[in-house]
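Report on the structure given below.
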Amino acid sequence: TNRSSSGERVANTESTPRGAMEVSPTTLRGAMEGSSPTQQPRGAIAYLAQGVRHSTYGRDSLALLRRSLSLLYENYAAADAADTILFHRDDSDFPPAARDSVLAAHSRRRLRFERIPEADWSLPPALLHTNRSSWYGWPKFALGYRFMCRWWTVGIWPWLAARGYTHLFRLDEDSFLLSPLRGDVF
C-alpha cells in the first residue's frame with residue numbers, strides 16, 4: 001500500500017495478487033461519510049443498465065428495465081424523492097434512442113443516465129498484459145462481469161460521495177417491486 005499526496009492509503013497493484021484492488025476501509029467509509037457530519041441523508045436508486053440485448057444472457061434488457069422502472073414508481077412512493085441513476089458503459093450498450101425512450105416514459109421522474117467512468121470499466125494497468133486463462137474462473141467470469149463487480153464494490157462509492165449521496169438502493173434490470181414498499185429505504 002502506498003500513500004497519496006493527501007496521506008490517504010491507495011492501492012499498490014504491483015503487490016496485490018492477481019490484480020485484485022486493495023482499498024482500505026477508511027477510504028470507503030470516508031467516501032460515504034461526506035465532508036459534513038451533519039449532512040442530511042441523500043439517497044440514490046441505481047441500476048447498471050443495458051439498452052440492447054444482454055451481452056451474456058441474451059435477454060431483452062431494455063424491456064426488463066422498462067418494467068422494473070414502472071414497478072418501482074408504481075410501488076415505491078418515496079422513489080419520487082430520490083434520484084434514479086441508470087449507469088451504463090457507452091453508446092454501444094445503451095444507444096441514445098433507447099435512452100430517450102426510457103426518459104420519455106418517465107419524464108416527471110428524477111431519472112437520468114450516467115456513463116461509468118472509463119477507469120472503472122477497464123483493466124487495471126497491472127493486468128493489461130497478463131494471461132487471462134490464469135485468472136480465477138476465466139472465462140466463466142468474463143471481463144464485463146468482473147468490471148460490474150468492481151463498479152458495485154469499489155467504484156460507485158467515491159462517485160456517489162462526490163455528488164453528495166449518502167445512501168444507495170441498488171436494483172437490477174430484472175428487479176421487480178411487485179407490491180407496495182412502504183416507508184423510505186433511505
I156 side chain reached by Y165 side chain, heavy atoms, under 4.5 Å: no
salt_bridge(D172, R170) N-O dist < 4.0 Å: yes
4.5 Å side-chain heavy-atom contact, D90 and I116: no
S134 (side chain) donor-acceptor with N131 (main chain) under 3.5 angstrom: yes
W159 six-ring face occupied by R163 cation (under 6.0 Å, within 45°): yes
Contacts of type ring-ring contact (aromatic ring centres under 6.0 Å, His included), residue W138, not counting sequence neighbours: W135
T84: side chain to side chain contact (heavy atoms under 4.5 Å, CB included) partners, not counting sequence neighbours: I45, Y47, L69, L72, Y73, L86, L111
Steps toward side-chain contact (heavy atoms from CB on, under 4.5 Å) verdict (L48, R89): CA-CA 9 Å; L48 179 58; R89 287 186 346 227; 5.7 Å; no
Atom OH of Y145: over 12 foreign heavy atoms under 6.0 Å: no
Sidechain-backbone polar pair: R115 side chain, H88 backbone, donor-acceptor under 3.5 Å: no
Heavy-atom side-chain contact between S68 and D174 under 4.5 Å: no
Note, N75 side chain near L181 side chain (heavy atom, < 4.5 Å): no
Flag, side chain of Y76 to backbone of V185, donor-acceptor distance under 3.5 Å: yes
Note, S101 side chain near R66 side chain (heavy atom, < 4.5 Å): yes
Sidechain N-carboxylate O distance under 4.0 Å for D80, R110: no
Heavy-atom check, side chain of F94 versus side chain of L62, under 4.5 Å: yes
Flag for S61-E173: side-chain donor and acceptor within less than 3.5 Å: yes
Aromatic ring pairing Y136/F141, orientation class (parallel under 30°, perpendicular over 60°, tilted between): parallel
Verdict with supporting geometry, R42 and F186, side-chain contact (heavy atoms from CB on, under 4.5 Å): CA-CA 7 Å; R42 181 173 176 224; F186 302 116; over 6 Å; no
Residue pair F113 / D100, side-chain heavy-atom distance below 4.5 Å: no
Interatomic distance, S175 atom OG to R67 atom CZ [nearest 0.5 angstrom]: 11.5 Å
Flag side-chain contact, heavy atom, 4.5 Å: E74 against P180: no
